[in-house]
Amino acid sequence: MNLKEENESIKDHLRKAFSLKEDSASHEEIRSRLLDGGIITGTNLCVLVCAMIIASVGLNMSSTAVIIGAMLISPIMGSILASAYGSVSNDYPVLRNHLSGFGMQIAISVAAATIYFFLSPVKEPTVELLARTSPSFYDVLIAFFGGLAGIIGQTRIDKTNTVIPGVAIATALMPPLCTCGYSIANGRWDMLLGAGYLFLINAYFIFLAACIILSLLKIPKMKELTEKEWRRRRFRMVRNTILIAIPSIIAVYYML
């Protein structure tokens, strides 16, 4: 075997080793999993409120274990992955439906946390609360690669997904929303800005990562975009990514 053939063989092995399509579920199965995971039901909303109260107590008492437990039972990530599916498949009714559901989840979560912190006798911000008010570019990396791991886990043939719980802990969607509730309840608008930005980073980069993987898996389109429409969409995605990431990059600069 000459050098060229050996290089090609190595490339083939690497391509196969890192292939997303080798053990991916069918397109129908992926659609069913992601859209079912994003359905907003009365049960999901009850679990969401419970998770928010648990996370709020953990932040209020500075208990990392309790915060982790709340992140594991929260159903909020399902709406982000379902929205990503709607975006990639150009299924605009699905996208609008799940984005609306996601907005409702955010509103209910912040309201539940605000009520808890308004009633709580502990008013001073704990270390855990303050930790959610200073996002940086490292949070962007965590959210993006966590989102990649999450969507890859959700699109595998194996239904026993052990990835999502880890992603839920790493990307931490719940604590920033709880911190927003604390900020509103106690008039700490400086903390509200930082916590809201951290949640935006986590949600957006999970969404972006899911869109990238679903595009690579060639999810069927409900409507094909023209070249002009595709260029416009790509420009908006790049623009939004840069605009959302810029403050976090500046924050890293001042941390050095």
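Note that this is a predicted model, so its numbers are computed, not measured.
- With hydrogens and angles left out, the side-chain atoms of Tyr182 and Asn60 include no donor and acceptor closer than 3.5 Å.
- In this structure the side chain of Ser248 never reaches within 4.5 angstrom of the side chain of Pro135, judged on heavy atoms.
- One hydrophobic cluster holds both Phe207 and Leu141 under the rule that ILVMFWY side chains link at heavy-atom gaps under 4.5 Å.
- Surrounding CZ of Phe118 are at most 12 heavy atoms belonging to other residues, nucleotides or ligands under 6.0 Å away.
- Closest of all the heavy-atom pairs between Met52 and Cys178 is CE-SG, 3.3 Å.
- Between the side chain of Ser89 and the backbone N or O of Tyr85, at least one donor-acceptor pair lies under 3.5 Å.
- At distances below 3.5 Å, at least one donor-acceptor pair connects side-chain atoms of Ser109 with backbone N or O atoms of Gln105.
- Considering every non-hydrogen atom in both Ile30 and Ala25, the closest pair reads CD1-O, 3.6 Å.
- Looking at Ser120, its side chain never comes within 3.5 Å of a backbone N or O of Tyr116 through a donor-acceptor pair.
- Closest approach of Ala112 and Val49 over heavy atoms only: CB-CG1, 4.3 Å.
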Enumerate, atom names and distances included, each donor-acceptor pair closer than 3.5 Å involving a side-chain atom of residues 61-73, sequence neighbours excluded.
{"from": "Ser63", "atom 1": "OG", "to": "Val66", "atom 2": "N", "distance (Å)": "3.4"}
{"from": "Thr64", "atom 1": "OG1", "to": "Glu128", "atom 2": "OE2", "distance (Å)": "2.8"}

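- In this structure, Phe235 and Arg231 have side chains that are not in contact, with every pair of non-hydrogen atoms separated by 4.5 Å or more.
- Nearest approach of Cys180 to Gly196, heavy atoms of both residues: SG-N, 3.6 Å.
- Arg31 has a carboxylate O that lies under 4.0 Å from a charged side-chain N of Asp91, or vice versa, which qualifies the two as a salt bridge.
- Looking at heavy atoms from C-beta onward, Thr133 lies out of side-chain contact with Leu198 at the 4.5 angstrom threshold.
- The two residues Val94 and Gly86 make their nearest non-hydrogen contact at CG1-CA, 4.0 Å.
- Judged by distance alone, the side chains of Thr241 and Tyr204 do bring a donor and an acceptor atom under 3.5 Å apart.
- What you find for Pro75 and Val47 is that their closest heavy atoms are CD-CG1, 4.2 Å.
- Atom CD of Glu124 is surrounded by 12 or fewer heavy atoms from other residues, nucleotides or ligands within 6.0 Å.
- Within a 6.0 Å radius of CE in Met222, other residues, nucleotides and ligands contribute 12 heavy atoms or fewer.
- Applying the side-chain hydrogen bond (donor to acceptor under 3.5 Å, both in side chains) rule to Asn90 yields the partners Arg233; only residues at least two apart in sequence or on another chain are considered.
- Ring geometry for Phe199 against Phe102 counts as parallel: the plane angle stays under 30°, on a 0 to 90° scale with 60° as the upper cut.
- Under a 3.5 Å cut-off, the side chain of Lys223 and the backbone N or O of Lys221 do not form any donor-acceptor pair.
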